[in-house]
Amino acid sequence: MAEMSGGPAHTSAPQILRTSPATPPQFPARFPRAPDDVREAHAMGTDKGTDRGTGRAPDTGRRAAAEGRVDWRRSAAVALPALVAVGALAVVTAQGALAASFAVSGTAFQVSSSKLTSKGLASYVQTDRSADGKGHPVALLGIGQATLSDICQAAEVDTPVGKLVFKLTAGGPAGEVTASNLVIDGEDLSGDATFGTAQIGRDASTLDEVDGVKGAPGAFGLQAGNIEVAGVRSHAWSATGGNFRLKGMRLHVGLDGEKCF
């Protein structure tokens, strides 16, 4: 035990620990640019889980609904031109205006009928083209509502086994053949014809006797009202029509077969 004395007690002065000041952190002069998606999220107030406008947590239900919503006005603006184009294509197809829109086979065929009657005829000159690019000048004949006593179509085709005749017939004893907006691209046409009111030399772009049958401005054209042609014979490159009704139709393919005429 330490001795006690009457003098004042002496205690050691507390030692103070001194530390050197911390080196301040060094920051770059300019922070790097945040990625686009981070900046977009910050602008929308979603980077901290709050709504930038209200300071509240975002309504995830509303956001999900917005993401799944269809903008019908924008969709309609995109779809409308396509629908109009499809509708226009359907109309002109039904009217026979696309008769020469396909490449012809390169083989002309025969068309014949004992009698053809029609409510309206329109015709102008144009050029059909086969798949090889070769042009075939034709007279496009647009026939409104056609009624034929009978019809025969025949084409002669070269094959490795010889010449084949592809022949289609209809009408006659089975009944009349009918077609709406019949269009024939023919090299020639012969028969005994009777026309109603005829307009020969009319600008092909102004023809209006048969729906959808119009030519280029300045092209030679003709049209007539009711027509009747007996003993029809034609060499054609194509024939199209809407609502063909072929009663008693027969199709035959044979070597060196008999043609229409």
Side-chain angles (χ1 to χ4, degrees), residues 96-195 210 213 215 222 224 227-261:
L98 297 185
S101 64
F102 56 85
V104 296
S105 66
T107 300
F109 56 91
Q110 296 178 345
V111 180
S112 67
S113 176
S114 299
K115 185 173 72 171
L116 163 69
T117 59
S118 172
K119 297 179 180 179
L121 167 72
S123 178
Y124 59 88
V125 176
Q126 70 168 22
T127 301
D128 285 356
R129 294 195 177 278
S130 48
D132 59 6
K134 184 178 180 181
H136 307 282
V138 297
L140 184 146
L141 301 171
I143 303 171
Q145 299 295 325
T147 301
L148 301 97
S149 60
D150 52 53
I151 190 171
C152 175
Q153 296 181 359
E156 190 174 65
V157 183
D158 289 324
T159 72
V161 297
K163 288 186 179 293
L164 291 179
V165 173
F166 178 100
K167 187 175 181 180
L168 181 150
T169 58
E176 294 179 330
V177 173
T178 59
S180 61
N181 295 304
L182 176 63
V183 178
I184 300 174
D185 289 8
E187 286 184 341
D188 54 37
L189 175 66
S190 64
D192 298 324
T194 302
F195 288 168
V210 179
V213 177
L222 67 86
I227 66 168
E228 179 178 311
V229 185
V232 177
R233 291 189 175 188
S234 175
H235 292 91
W237 288 97
S238 70
T240 61
N243 301 318
F244 252 119
R245 187 173 182 182
L246 303 172
K247 291 185 177 180
M249 187 192 77
R250 294 186 61 187
L251 178 63
H252 178 73
V253 178
L255 281 170
D256 297 321
E258 183 179 356
K259 294 181 287 187
C260 298
F261 55 85

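These figures come from a predicted structure and were not determined experimentally.
Here the closest heavy-atom approach between residue A236 and residue I184 is recorded as CB-CG2, 3.8 Å. The two residues G142 and V210 come nearest to each other via the heavy atoms O-CG2, 3.4 Å. Of all heavy-atom pairs spanning Q126 and D185, the tightest one is NE2-OD2, 3.2 Å. Here the closest non-hydrogen pair linking A146 and L182 is CB-CD2, 4.2 Å. When all heavy atoms of V165 and K259 are compared, the closest pair comes out as CG1-CG, 3.9 Å.
Between the NZ atom in K119 and the CD1 atom in I227 there is a gap of 13.0 Å [rounded to 0.5 Å]. In this structure, the separation between CG on L164 and CG on L255 is 5.0 Å, given to the nearest 0.5 Å. Rounding to the nearest 0.5 Å places NZ of K115 at 7.5 Å from CD of E176. Expressed to the nearest 0.5 Å, how far CZ of F109 lies from CD of E187 amounts to 10.5 Å. To the nearest 0.5 Å, atoms CD1 (I143) and CG (L148) are separated by 7.5 Å. Here the CG-OG distance, from L140 to S238, works out to 7.5 Å after rounding to the nearest 0.5 Å.
Partners of T107 according to the side chain to side chain contact (heavy atoms under 4.5 Å, CB included) rule, which considers only residues two or more places apart in sequence or in another chain, are S105. Residues forming a salt bridge (charged side-chain N to carboxylate O under 4.0 Å, His left out) with D256 (at least two apart in sequence, or on another chain): none. Scanning for side-chain hydrogen bond (donor to acceptor under 3.5 Å, both in side chains) contacts around E228 gives an empty result, with sequence neighbours left out. For L189, the side chain to side chain contact (heavy atoms under 4.5 Å, CB included) test picks out L141, V232, S234, with sequence neighbours left out. Legend: residues meeting ring pair (Phe, Tyr, Trp, His ring centres under 6.0 Å) with H235, ordered by chain and number and at least two apart, are F261. Among residues two or more places apart in sequence or in another chain, the salt bridge (charged side-chain N to carboxylate O under 4.0 Å, His left out) test is passed with K163 by D158. Residues passing the side-chain hydrogen bond (donor to acceptor under 3.5 Å, both in side chains) test with S114, sequence neighbours excluded: D150. Not counting sequence neighbours, the partners of S190 by the side chain to side chain contact (heavy atoms under 4.5 Å, CB included) test are R233. For F244, the ring pair (Phe, Tyr, Trp, His ring centres under 6.0 Å) test picks out no residue, with sequence neighbours left out.
Among pairs with a residue in residues 148-186, none fulfils ring-ring contact (aromatic ring centres under 6.0 Å, His included), at least two apart in sequence or across chains. Pairs of residues two or more places apart, or lying in two chains, that qualify as ring-ring contact (aromatic ring centres under 6.0 Å, His included) and include a residue from residues 132-159 are H136-W237.
C152 places none of its side-chain heavy atoms less than 4.5 Å from the side chain of Q110.
Taking a 6.0 Å sphere around CG of N243, one finds it holds 12 or fewer heavy atoms contributed by other residues, nucleotides or ligands.
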Please tabulate, for the side chains in residues 247-254, all donor-acceptor contacts under 3.5 angstrom to protein atoms that are two or more places apart in sequence or on a different chain.
none

